[in-house]
Q: 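So that we are looking at the same thing, I have put the structure below in structure tokens.
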Amino acid sequence: EKGGYEHFMLKEMYEQPKTVRDTLSPRIKDGKIEIEELGMTDEEIRAINRIHIVACGSAYHTGVTAKYVFEGMARIPVEVDLASEFRYRNPILDENDLVIIISQSGETADSLAALREAKSQEIKTLGIVNVIGSSIAREADKVMYTWAGPEIAVATTKAYSAQLIAQYLLAIKFAAARGRITDQEVEEYLGDLKKLPDQIELLLSNQTKIQKFANRYIAAKDVFFIGRGIDYAISMEGSLKLKEISYVHSEAYAAGELKHGTISLIEDGTLVVAVATQEDLYKKTVSNMVEVKTRGAFVMAVTNEGNIDIEKAADYVIYIPLTNKYFTNSLAIIPLQLFGYYVSVGKGCDVDKPRNLAKSVTVE
Ligand code: F6R
């Protein structure tokens, strides 16, 4: 049951610190990452040529984030595909490739079909799955479970957070096995990961502030989410969280792409949510914020603690605690989940069961 929370979604958002801890801790032993279920030796990890991450919806968004992490840390090329596209595009797969299928339910029809496509070409497959014994868990060569427990709300929150953690662990493990990072760097990354649960807790405690802000946007027509790199991936998930439960139209844009079309949609008062957690891209995103602000947009920014100069380019700022640049999604998504949730609540929508959607999409 809802354990005193008004909705399952709220309960599940609050379970995220525990979910992150549960997905992390069984896989850290004596300061090292052990993913027994992966069943791969360091030699086999070194032989991986390319990774294909295939998923739908929010699970796909975690894959978009993971591409930056795998490529940045381990220098392994990664392709991320929507399962509904991958299965029909006659993908080029090589015997040294690894196909990772990500799914909370383990029953998503397109993701399952993508898995079968990879298996039919005899390519190694790994499922990152939440529901134990589900179809994808049974059929993938190897399974890494996300220990999020049952997720009831249609809009995913805690399973999303767990999927990110599982992929961070894989990326660190792969980077170490391939000699791309030192033992000390592994230790530092793990130290940052272990801090995430408390940091998420802190961000969740902002709920009243975000609820007040969200109430101003229950009549919004369009909302735009912008960011670069991992911040773009966060934007995609923030946008989906808002639209799927509140029916407010929203879109995510790579910030640098705005002036190639979308900027013409900005009117007086249009809400633009800018995510700026990547320090090397920070100045570029801030200049995009200025561009939309001068055209009348109301800018809400999500950035790292300490970046107070952002207040010149934003009307409303949410600061996230400091973490490694690869892990910021795990923190920045929390206020965006809360924002989507409270717009939906403010509009009186059926938060846990939005219209036209099902928790597990078993049709194509
Ligand atoms: C959005 C959401 C969906 C799912 C997608 C994949 O909040 O929940 O976009 O992420 O339908 O579902 P799974 O992970 O079960 O394959």
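What you see is a predicted model, and the numbers here were worked out from it, not measured in a lab. All ligand and atom numbering here is 1-based and tracks the order in the structure. Starting from 1, each residue takes its place in the sequence as its number.
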Q: Which of the numbered atoms in ligand 1 are below 4.0 angstrom from a heavy atom of Thr108?
A: 12 (O), 13 (P), 15 (O), 16 (O)

Q: If I apply the N/O under 3.5 Å rule, does Val154 come out as touching ligand 1?
A: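 Yes; the residue has a nitrogen or oxygen that sits under 3.5 Å from a nitrogen or oxygen of the ligand.
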
Q: Check if Val131 has a non-hydrogen atom at a distance under 4.0 Å from any atom of ligand 1.
A: no

Q: Any Lys/Arg nitrogen of Lys142 or Glu37 sitting under 4.0 Å from an Asp/Glu carboxylate oxygen of the other?
A: no

Q: Quick one: list whatever passes salt bridge (charged side-chain N to carboxylate O under 4.0 Å, His left out) with Arg89, sequence neighbours left out.
A: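 Arg89 satisfies salt bridge (charged side-chain N to carboxylate O under 4.0 Å, His left out) with Glu79, Asp81 once adjacent residues are dropped.
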
Q: Please write down residue, atom name and distance for the protein heavy atom closest to atom 5 (C) of ligand 1.
A: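 The closest heavy atom on the protein side is Cys56 O, 3.7 Å.
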
Q: Do Lys359 and ligand 1 have an N or O pair less than 3.5 Å apart?
A: no

Q: Among all protein heavy atoms, pick out the one at the shortest distance from atom 4 (C) of ligand 1; state its residue, atom name and that distance to 0.1 Å.
A: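 I find the closest protein heavy atom is Ser58 N, 4.0 Å.
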
Q: So, Gln163 and Gln167: side-chain donor and acceptor under 3.5 Å apart, yes or no?
A: no

Q: Nearest to atom 11 (O) of ligand 1, what protein heavy atom do you find, and at what distance?
A: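 In this structure, atom 11 (O) of ligand 1 has Val361 CG2, 4.2 Å as its nearest protein heavy atom.
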
Q: Could you list the atoms of ligand 1 found under 4.0 angstrom from a heavy atom of Glu244?
A: 1 (C), 7 (O)

Q: The test is side-chain contact (heavy atoms from CB on, under 4.5 Å); show your working for Leu98 and Leu126 and say whether it passes.
A: CA-CA 7 Å; Leu98 173 68; Leu126 168 69; 4.3 Å; yes

Q: Evaluate the side-chain contact (heavy atoms from CB on, under 4.5 Å) criterion for residues His249 and Leu242: first the C-alpha distance (whole Å), next the side-chain angles of each, then the deciding distance (0.1 Å), finally the verdict.
A: CA-CA 8 Å; His249 168 249; Leu242 174 67; over 6 Å; no

Q: Decide whether a cation-pi geometry holds between Lys241 and Phe225; the criteria are a distance under 6.0 Å from NZ or CZ to the six-membered ring centre and an angle within 45° of the ring axis.
A: no

Q: State whether a side-chain donor-acceptor pair under 3.5 Å links Asn329 with Tyr168.
A: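 Looking only at side-chain atoms, Tyr168 and Asn329 do not form any donor-acceptor pair under 3.5 Å.
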
Q: For Thr156 and ligand 1, does the shortest N/O to N/O distance drop below 3.5 Å?
A: yes

Q: Under 4.0 Å from a heavy atom of Gln104: give me the atoms of ligand 1 that qualify, with their elements.
A: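 Counting from 1, the qualifying ligand atoms are 13 (P), 14 (O), 15 (O), 16 (O).
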
Q: Within ligand 1, which atoms have a heavy atom of Lys241 less than 4.0 Å away?
A: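 Reading through ligand 1 atom by atom, the close ones are 1 (C), 7 (O).
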
Q: Identify the two heavy atoms, one from Val302 and one from Ala332, that lie closest to each other, and give their separation to 0.1 Å.
A: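 Scanning both residues completely, I find the closest heavy atoms to be CG1-CB, 4.0 Å.
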
